[in-house]
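Accompanying notes for the structure given below.
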Amino acid sequence: MSEDFKGSPYSRHRNDDDLENGNGHSPSGFHGGGDDDNGNSGPFDIVRTKSASVDRLKRWRVRGLAEKLKTNMEKGVHANEADLLQRKNIYGSNTYPRKEGRSFWRFLLDACRDTTLIILMVAATASLALGIKTEGIKEGWYDGASIALAVIIVIAVTAISDYKQSLQFQGLNEEKQNIQLEIVRGGRRVRASIFDIVVGDVVPLKIGDQIPADGVLISGHSLAIDESSMTGESKIVRKDAKAPFLMSGCKVADGYGTMLVTSVGINTEWGLLMASISEDNGEETPLQVRLNGVATFIGIVGLVIAVSVLIVLVVRYFTGHTLNPNGNKQFIAGKTKLGDAINGAVKIFTVAVTIVVVAVPEGLPLAVTLTLAFSMRKMMADKALVRRLSACETMGSATTICSDKTGTLTLNLMTVVEAHVCGKKIDPPDNRSLFPSEVASLLIEGIAQNTTGSVFMPESGSAVEVSGSPTEKAILQWGVDLGMNFEAVRSDSSIIHAFPFNSEKKRGGVALKLADSEVHVHWKGAAEIVLASCSSYFDANGGLLQMDTEKVLAFKKAIEDMAARSLRCVAFAYTSCKAENVPTVEEELANWELPENDLILLAIAGLKDPCRLGVKDAVQLCQKAGVKVRMVTGDNLQTARAIALECGILVSDADSTEPNLIEGKAFRALAEAQRLEVADKISVMGRSSPNDKLLLVQALRKRGHVVGVTGDGTNDAPALHEVVRWGRSVYANIQKFIQFQLTVNVAAITINVVAAISSGDVPLNTVQLLWVNLIMDTLGALALATEPPTDHLMERPPVGRREPLVTNIMWRNLLVQALYQVTVLLVLNFGGRSLLNLEHDNDDHARKVKNTLIFNAFVLCQVFNEFNARKPDEINVFKGVTKNHLFMGIVGMTLVFQVVLIFFLGKFTSTVRLSWKLWLVSIAIGIISWPLAVIGKLIPVPERPFSEFFKRKSRRSSRGKNPFLLIGHREAMVYLVQELAGPETS
């Protein structure tokens with residue numbers, strides 16, 4: 001497509017009059033050039049239409065524009081593939097070029113930029129050069145090459161996992177942007193993806209819709225657009241024939257109408273904007289931010305320990321206290337060669353740097369990202385699309401859910417099952433012969449014209465297709481059953497003004513001009529509200545009677561009876577106006593208020609929307625999990641009450657009193673202090689507006705609740721409890737990983753630090769620690785972050801958003817395991833030679849066997865402890881483990897690699913092959929962690945977080961002292977605990 005055709009009318013036509021006056025440029029897709037057109041073009045010439053000049057557009061107006069695009073403004077474009085493909089080829093598709101995601105090589109480069117890994121590579125290079133120089137190339141390259149290879153593996157695995165996670169989120173973003181909407185093609189309304197919109201499409205618009213492409217207004221009633229996403233101004237813009245331009249990406253704030261699509265994809269203002277920015281895949285949730293802080297602090301602690309170890313080892317080495325396996329000093333001042341001294345110092349430095357690598361929990365942010373991506377994808381499969389990562393983790397802490405009724409707790413499949421016409425019940429409701437023809441004609445007129453839905457009559461004579469919202473579809477189907485010819489009725493009159501249905505007034509109306517210039521005003525809405533505006537009704541003979549008190553009570557009784565049976569009650573009323581009372585000037589007509597009093601009641605209909613299967617179980621599961629489900633609906637209070645009883649939100653009739661059951665206007669009228677007082681008690685709010693729902697949510701949040709809100713877009717009630725389950729799973733998986741990682745951290749660092757300080761030698765060398773780091777960070781995150789939710793999660797109370805990340809149960813578990821590992825491995829380190837009967841072996845071989853056993857046992861301890869981490873508060877840690885194929889695969893892969901390291905890569909890892917007896921010893925040491933975990937879980941822990949005890953002692957000890965003099969080891973530990981515990985304890 002040439003540059004001449006790119007762009008959008010809206011960047012140039014900020015003043016809508018420019019187009020009307022023929023000034024400026026033409027809309028995108030219709031640029032200047034070409035011959036004059038007499039308005040009677042021949043065959044469809046899509047290229048000439050695309051290149052049309054402003055003068056032609058001025059003459060064409062919307063109807064002429066539609067004709068040039070071969071679009072019927074009522075029936076839309078043809079639905080055949082050839083026509084749609086031609087439009088896409090010429091005008092483009094409704095997509096825009098996205099910024100390409102980061103390539104694998106970018107992730108690889110980022111992984112290479114890790115400071116500690118860079119230092120290790122430098123150390124590996126130095127070790128390689130010195131080793132070759134002192135020992136020759138045949139033997140001297142092993143140490144340096146081993147470290148370099150281990151670093152390369154860590155970099156590669158990190159880059160691959162980050163890249164795959166990035167691809168996952170790209171897929172999630174595409175799914176979130178794939179909005180489904182209604183378009184008119186071939187005379188019928190069909191649901192299609194926003195990406196399938198083509199130039200020439202006719203798109204119905206209603207409140208809440210996103211405008212899918214740039215276009216012009218065909219017709220509309222009280223249509224108001226929120227253009228803040230494009231202009232940055234919060235002002236709502238009214239759209240009519242004088243201001244017809246509609247911008248892609250904006251939202252319909254009020255009214256309804258239809259638009260003709262004139263530009264799609266990159267040719268729209270929204271497309272240009274989206275093509276100029278990259279996707280934000282780097283959204284950080286509150287939990288990620290919090291964990292990043294924890295990871296940073298743990299890294300600092302690791303750095304302090306590493307520096308301390310470095311100083312101790314360097315001092316021991318250069319003072320002659322570090323001995324070789326044969327008992328000789330490694331360094332003797334004045335005798336040791338410079339190269340040997342530097343090589344020894346490099347090895348010490350490498351060990352210290354490796355401690356930092358192990359200490360820094362790079363896997364924490366990765367684990368959060370993995371579990372969020374995994375959870376969101378699984379929730380999508382469970383019919384719950386969460387559009388923001390933060391919402392996913394927030395739902396895990398939800399203490400209450402405010403749910404809509406229609407479509408969430410009910411099936412959203414409405415049918416008219418009861419009708420009251422002419423003061424009596426009509427059974428069945430579609431039996432037209434039971435009421436006068438005049439009343440039937442007026443009722444059908446109101447049904448056909450006062451609607452945002454449509455009826456399509458296939459030429460083949462097949463079943464009638466009804467489209468629109470569930471309520472509109474039910475009413476239109478009732479009209480069809482009464483004998484309504486939708487197209488014929490709509491052609492008999494024209495809408496001159498409309499008052500679209502809104503949540504505040506709970507009704508909508510239209511003014512119709514008939515062929516004889518008579519004006520009818522039809523109203524439709526909440527039964528009791530419309531009834532209150534009626535002063536008369538038709539009797540069984542078609543006579544008009546005044547609405548006396550007795551009749552009003554009878555109608556109210558009928559409404560209450562239907563509501564008590566879970567029926568949504570809708571009333572229809574009309575009045576006629578004299579032509580002279582109707583404004584004729586367009587500006588006056590736009591501001592004309594439809595007559596809404598002294599109406600004539602036509603009918604009251606009861607619509608049945610059955611409860612969803614499983615909704616009662618879902619509500620009970622939420623309540624069992626400590627999450628209260630509240631219904632907030634625009635329906636009649638009695639209808640809401642009946643549905644709530646059916647769903648289990650209300651347990652019995654005794655619960656159906658204020659403030660458990662309350663109307664939106666009653667809640668709205670309360671003072672703020674009163675709203676806070678009653679908010680906790682509310683189970684059902686009927687006749688509520690969106691503002692009433694907002695007031696309730698605000699009050700609940702002020703009461704300390706974490707509130708989840710569902711709307712019309714949530715189409716499955718079981719998704720409510722699924723979202724809570726998956727949200728809790730995110731938090732639980734992070735805690736599992738933290739427990740596992742801290743156990744490895746504490747054990748590995750303690751073993752090396754104690755050994756280094758006491759003997760100047762470390763049992764776990766650089767390559768071995770890098771392998772442990774790989775198990776702990778990347779593989780551990782993959783294994784534990786993808787654990788699916790269990791029913792056990794729904795038996796816990798909600799997790800407060802400020803509760804400690806590391807609970808008392810986790811502290812107990814990790815300390816039990818770490819203490820066991822440190823004790824056993826230090827015993828092997830200091831007494832292993834005698835315990836393993838290696839006294840008669842040469843010193844070097846005995847040391848290698850002992851250190852290999854320590855390394856092997858340590859890795860197997862982590863493998864077995866990974867099972868323990870799956871269920872921090874359950875005895876049976878194997879439940880469901882075989883269903884998690886990724887977990888089993890990672891455990892199996894870790895074991896295979898460990899065997900390969902010991903048997904075949906001893907040169908690189910400084911290990912030797914172990915006998916089958918020592919393999920059994922290693923397995924026994926590791927497997928003891930399972931019964932030990934069971935014993936540990938029998939140890940009771942206080943409910944109050946340990947951090948609060950530390951905090952209280954810290955405060956007590958600080959009284960009367962200069963706080964700046966209190967920085968010591970205990971205070972550092974207090975700070976660490978508080979960082980892990982969360983912001984409320986800091």
Side-chain angles (χ1 to χ4, degrees), residues 142-143 146 149-150 153 325-326 740 743-744 747-748 751-752 755 761-776 779-780 783 817-818 820-869 877-878 881-882 887-935:
Y142 283 116
D143 285 350
S146 300
L149 180 62
I153 291 172
N326 56 16
F740 174 68
T743 304
V744 183
I751 291 165
N752 267 16
D761 188 25
V762 289
L764 299 172
N765 64 35
T766 303
V767 176
Q768 292 168 1
L769 284 177
L770 284 172
W771 169 233
V772 169
N773 185 66
L774 198 63
I775 297 172
M776 178 181 69
L779 297 181
Q817 293 294 333
Y820 163 69
Q821 292 177 21
V822 168
T823 303
V824 171
L825 298 181
L826 283 180
V827 167
L828 284 175
N829 184 61
F830 294 113
R833 192 163 182 176
S834 59
L835 289 172
L836 301 174
N837 296 319
L838 300 172
E839 291 95 338
H840 304 297
D841 287 18
N842 69 66
D843 292 336
D844 186 55
H845 181 260
R847 184 179 63 85
K848 283 187 175 181
V849 170
K850 178 197 70 174
N851 285 352
T852 301
L853 178 63
I854 291 172
F855 169 56
N856 201 39
F858 183 68
V859 169
L860 292 179
C861 279
Q862 310 324 314
V863 171
F864 289 112
N865 191 41
E866 211 160 359
F867 287 86
N868 294 330
V877 297
F878 305 107
V881 70
T882 54
F887 181 90
M888 295 301 293
I890 287 172
V891 168
M893 185 176 68
T894 304
L895 288 172
V896 169
F897 273 117
Q898 182 64 18
V899 171
V900 170
L901 283 176
I902 299 297
F903 274 94
F904 305 107
L905 298 175
K907 281 281 189 180
F908 290 96
T909 56
S910 300
T911 56
V912 293
R913 291 187 178 186
L914 296 176
S915 65
W916 65 269
K917 291 181 180 179
L918 292 183
W919 269 101
L920 288 178
V921 170
S922 301
I923 293 170
I925 291 171
I927 213 167
I928 287 173
S929 67
W930 285 347
L932 191 66
V934 173
I935 295 168

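The shortest side-chain heavy-atom distance between Leu825 and Pro763 does not fall under the 4.5 Å cut-off. Counting heavy atoms from C-beta outward, Ile751 and Asn829 have side chains that stay 4.5 Å or more apart. Using a 4.5 Å cut-off on side-chain heavy atoms (C-beta onward), Val912 and Ile902 make no contact. Using a 4.5 Å heavy-atom threshold, the side chains of Thr911 and Lys848 count as separate. Using a 4.5 Å heavy-atom threshold, the side chains of Phe904 and Val899 count as separate.
Going from atom CG of Leu838 over to atom CG of Leu853 covers 9.0 Å, rounded to the nearest 0.5 Å. Considering CD of Gln817 and CG of Leu932, their distance stands at 5.0 Å, rounded to 0.5 Å. Considering CG of Leu914 and OG1 of Thr852, their distance stands at 5.5 Å, rounded to 0.5 Å. Note that CG of Leu835 and CZ of Phe830 are 13.0 Å apart. Values are rounded to the nearest 0.5 Å.
Between Leu901 and the options Val896, Thr909, Val767, a side-chain contact (heavy atoms from CB on, under 4.5 Å) holds for only Thr909.
Thr882 is linked by a side chain to side chain contact (heavy atoms under 4.5 Å, CB included) to nothing, counting only residues two or more places apart in sequence or in another chain. Leu920 is linked by a side chain to side chain contact (heavy atoms under 4.5 Å, CB included) to Trp916, counting only residues two or more places apart in sequence or in another chain.
Side-chain atoms of Asn752 come within 3.5 Å of backbone atoms of Leu764 as a donor-acceptor pair (strictly under, hydrogens ignored). Put simply, the side chain of Lys850 never gets that close to the backbone of Leu828: no donor and acceptor are under 3.5 Å apart. Side-chain atoms of Tyr820 never come within 3.5 Å of backbone atoms of Ile928 as a donor-acceptor pair (strictly under, hydrogens ignored).
Shown here for Ala846 and Asp841, the closest heavy-atom pair between the two residues is CB-CB, 4.1 Å.
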Using distance only, find each side-chain donor-acceptor pair of residues 856-869 under 3.5 Å and give its atom names and separation, not counting sequence neighbours.
unit_1: Asn856; atom_1: OD1; unit_2: Gln898; atom_2: NE2; d: 2.9
unit_1: Asn856; atom_1: ND2; unit_2: Ser922; atom_2: OG; d: 3.1
unit_1: Gln862; atom_1: NE2; unit_2: Gln821; atom_2: OE1; d: 2.9
unit_1: Gln862; atom_1: NE2; unit_2: Phe858; atom_2: O; d: 2.9
unit_1: Asn865; atom_1: OD1; unit_2: Asn868; atom_2: ND2; d: 3.3
unit_1: Asn868; atom_1: ND2; unit_2: Ser929; atom_2: O; d: 3.2

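When ring centroids are compared, Trp771 and Phe908 stay outside the 6.0 Å threshold.
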